[in-house]
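Here is the structure we will look at.
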Amino acid sequence: MKKTLSLLLSLVFVVSLLAGCGNPGTTTATPTPDSNPETSGTPAPEGTPAPSADGPFEITLNIASEPQSIDPALNSAVDGAIMLGHMFEGLMKWKDSGVETPGADGTCTNAELTEGQAESYEKVVNDDGTVTYTFKIRSDARWSDGKPVTAGDFVYSWQRLVTPETAADYNYMIDSVVNANEIMAGDMDPTELAVSAPDDSTFVVTLTSDLPYFLEVCAFPATFPVRQDVTTKEDGTPNDQWTFDVATYLCNGPYKLTAWNHNSEIVMEPNEQYYDAANLGPDKITFKLMDDQNAMLSGFNSGELDFIEDVPQAELPDLIASGDLKIVDYIGTYYVCYQTQKAPFDDPRVRQAFTLAVDRTFIVDKVTQAGQVPANGFVPAGVYDAAGSTGDDFRTVGGAYYSIEGDADYSYEANCEKARELLAEAGYPNGENFPVVEYLYNTSDAHKAVAEALQNMWETELGVKVTLNNQEWAVFLQTRKDGNYSIARNGWIADYNDPMSFLDMWLTGGGNNDAQYANADYDAKIQEAKNTTDPAARMKLIHEAENIIMGQDWALNPLYFYTQKYMLSDRVGGMFYTPLGYFFFSYAHPNA
């Protein structure tokens, strides 16, 4: 998802994800909370009211600024996904595993996958290679207005996701459902999607092949159910305003929306209709919408905020050293994408030159300084490779597309010399006649620091002129999506622990394909991999696809693999987390 690790993902994280199973810092998605009373962080200042055993327990969080959308089908960012994970629930969900998150110092635990709105499911591999899942919906599943959640709600929501008029960036999340691709192409009607509801409590879906990550997809926000009677008007046309009215924003998750004060806060309170309502934690969860890192840290230190994910860049070393800022695993890649359909970045030689001229070690050691790992490919470390006979992950098996510090043959100067040769071959010797290009990023001290470092490297090593432009988060997302840029900051967090989460987004015309990348050979490799049942053959095809987009076309410029940072108030316990980027506070509790 639009938005990893100071160390390789620990075994316990991989096990919890596999067993269960793109942020203003990134763009594809998963969440979780439950508890250890020992927490760290900056203590609330004297005078901050402590929760009473008899009084309400309210928490205030900052994840990001105004979300682009809180429609489950239309959201494409981690911040929106975290909010949606509190208000909606899919067939599957993330729960607290009780295993402490490495690096969290007792402040949170890992998540694992379990049944959500479905109380059970059965899987059958059919004679023709297709796979059918049959889910039984819980008898006590309810919408926030008290109406039952039915299998028909899921049929409608999944059909809505692939309907071309919905224009969902994440429609491809269910492109392995029979007929999904034909519907998205406009060749079949949404009612022909291979999902059905034989009765109100039975949801049946048929896949073209056996996807190892399908159950994780069933816990992903894009597959959450929504109500047809609120997302459509009386005349049957879409109601694009349903998310802005508390009366029509009906939820089926643990919390419900009680207020959305735009550019200020989103407020949630327990959904009394939720089947586990008696065990929920906070009486109110407020998401403050802000992107000023100084204001975030100030709010945390004053006790106004109980949780923040970002701090001023200059404060990082001291906060990490003190232990107040936690650094945990995060399966994702921070990268640069090129507008591949517009000159000069329609030339793969130019894209490769700009990629080679980056000193990634300098960026992680001197700029970001939060334990990130220099990237040598797009799919990050920590993603499982099913064909790895020694248990290596996908990145280890796939190898590097360029050398980085630590490699025996690494030389930044050699990389830059090759970059200059490529630029000359493209018609720009020493940067001569190269047009002025702009680097686009969203407002953030951290992103600005990376942008300035890249600008200096490209201008110094390639002799080109690069200007910088920052935009507020929601505006930035739309500008990048529309392709109105030359080079742009980007980030992607795994939606599920499989390399496909990082690669099927680049299919021609894909909703999250911000690079406007198009290659028929690449598309064919990805589709063949999706239809292949043999795990080793599937993984081989995925590696071949990455070789096309990275080793041949150089459409992406990976900078580093993410780590997740956060600060949590001492007064809050019971948070849980998945390295797919989701924090869960539904069962948070006051610390003694």
Side-chain angles (χ1 to χ4, degrees), residues 1-6 22-33 39-42 59-68 75 77-86 101 103-105 107-108 111 265-266 285-301 304-316 319-320 323-332 334 368-372 441-450 472-473 476 489 491-493 560-569 572 575-585 588:
M1 186 165 267
K2 297 174 183 177
K3 169 111 164 120
T4 79
L5 41 193
S6 53
N23 132 2
T26 80
T27 333
T28 197
T30 315
T32 119
T39 58
S40 188
T42 302
I59 60 175
T60 303
L61 323 169
N62 170 246
I63 302 295
S65 56
E66 182 86 355
Q68 191 177 33
N75 171 71
V78 175
D79 57 305
I82 292 174
M83 297 177 194
L84 289 168
H86 287 79
T101 302
D105 295 334
T107 57
C108 75
E265 62 185 16
I266 285 179
I285 302 176
T286 299
F287 287 85
K288 285 290 185 181
L289 308 175
M290 51 200 301
D291 60 8
D292 183 324
Q293 289 88 353
N294 288 294
M296 295 173 194
L297 183 58
S298 176
F300 184 83
N301 287 334
E304 177 188 356
L305 296 173
D306 296 301
F307 174 92
I308 59 176
E309 279 191 319
D310 210 354
V311 298
Q313 196 68 19
E315 302 290 341
L316 276 175
L319 290 171
I320 292 173
D324 292 331
L325 186 73
K326 310 304 177 189
I327 304 293
V328 295
D329 293 336
Y330 201 11
I331 308 177
Y334 187 110
T368 60
Q369 302 181 70
Q372 295 90 348
Y441 66 97
N442 55 295
T443 304
S444 157
D445 287 347
H447 298 324
K448 179 182 179 182
V450 172
E472 181 272 332
W473 177 233
F476 165 78
R489 185 208 76 76
W492 193 258
I493 307 305
Y560 58 78
F561 301 144
Y562 275 108
T563 53
Q564 175 64 279
K565 57 185 184 294
Y566 70 88
M567 297 179 72
L568 180 69
S569 170
V572 179
M575 179 181 77
F576 62 97
Y577 167 78
T578 164
L580 300 178
Y582 297 170
F583 289 94
F584 295 87
F585 298 89

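These numbers come from a predicted model, not from an experiment. Numbering of residues begins at 1 and proceeds along the displayed sequence.
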I need the [X] [atom1] to [Y] [atom2] distance, nearest 0.5 Å.
| X | Y | atom1 | atom2 | result |
| --- | --- | --- | --- | --- |
| I63 | I82 | CD1 | CD1 | 4.0 Å |
| E309 | M567 | CD | CE | 13.0 Å |
| F300 | M296 | CZ | CE | 13.5 Å |
| N301 | D324 | CG | CG | 8.5 Å |
| T563 | I331 | OG1 | CD1 | 13.0 Å |
| L319 | K326 | CG | NZ | 10.5 Å |

Tell me, do [X] and [Y] make a side-chain contact under 4.5 Å, heavy atoms counted?
| X | Y | answer |
| --- | --- | --- |
| L316 | L325 | yes |
| T107 | Y566 | yes |
| L61 | I285 | yes |
| Y334 | R489 | yes |
| F476 | T443 | no |
| L568 | C108 | no |
| L305 | S569 | no |

Taking only residues two or more places apart in sequence, or in another chain, which ones meet [X] in a side-chain hydrogen bond (donor to acceptor under 3.5 Å, both in side chains)?
| X | result |
| --- | --- |
| Q293 | D310, S444 |
| T368 | Q372 |
| T286 | none |

Going by the rule ring pair (Phe, Tyr, Trp, His ring centres under 6.0 Å), which residues pair with F287 if we only count those two or more places apart in sequence or in a different chain? H86

Verify the ring-centre separation between F585 and F307: is it less than 6.0 angstrom? yes

Say whether, by atom type as modelled, one donor and one acceptor occur between the side chain of D291 and the main chain of S65 under 3.5 angstrom. no

Nearest heavy atoms of [X] and [Y], plus distance in Å:
| X | Y | result |
| --- | --- | --- |
| N75 | A81 | ND2-N, 3.4 Å |
| G103 | V328 | C-CG1, 3.8 Å |
| D329 | Q564 | O-CB, 4.2 Å |
| D79 | P67 | OD2-CA, 3.9 Å |

Residues two or more places apart in sequence or in another chain: which of them pass side-chain contact (heavy atoms from CB on, under 4.5 Å) with A295? M290, D292

Check side-chain contact (heavy atoms from CB on, under 4.5 Å) between E304 and all other residues, then give those that pass, not counting sequence neighbours. K288, S302

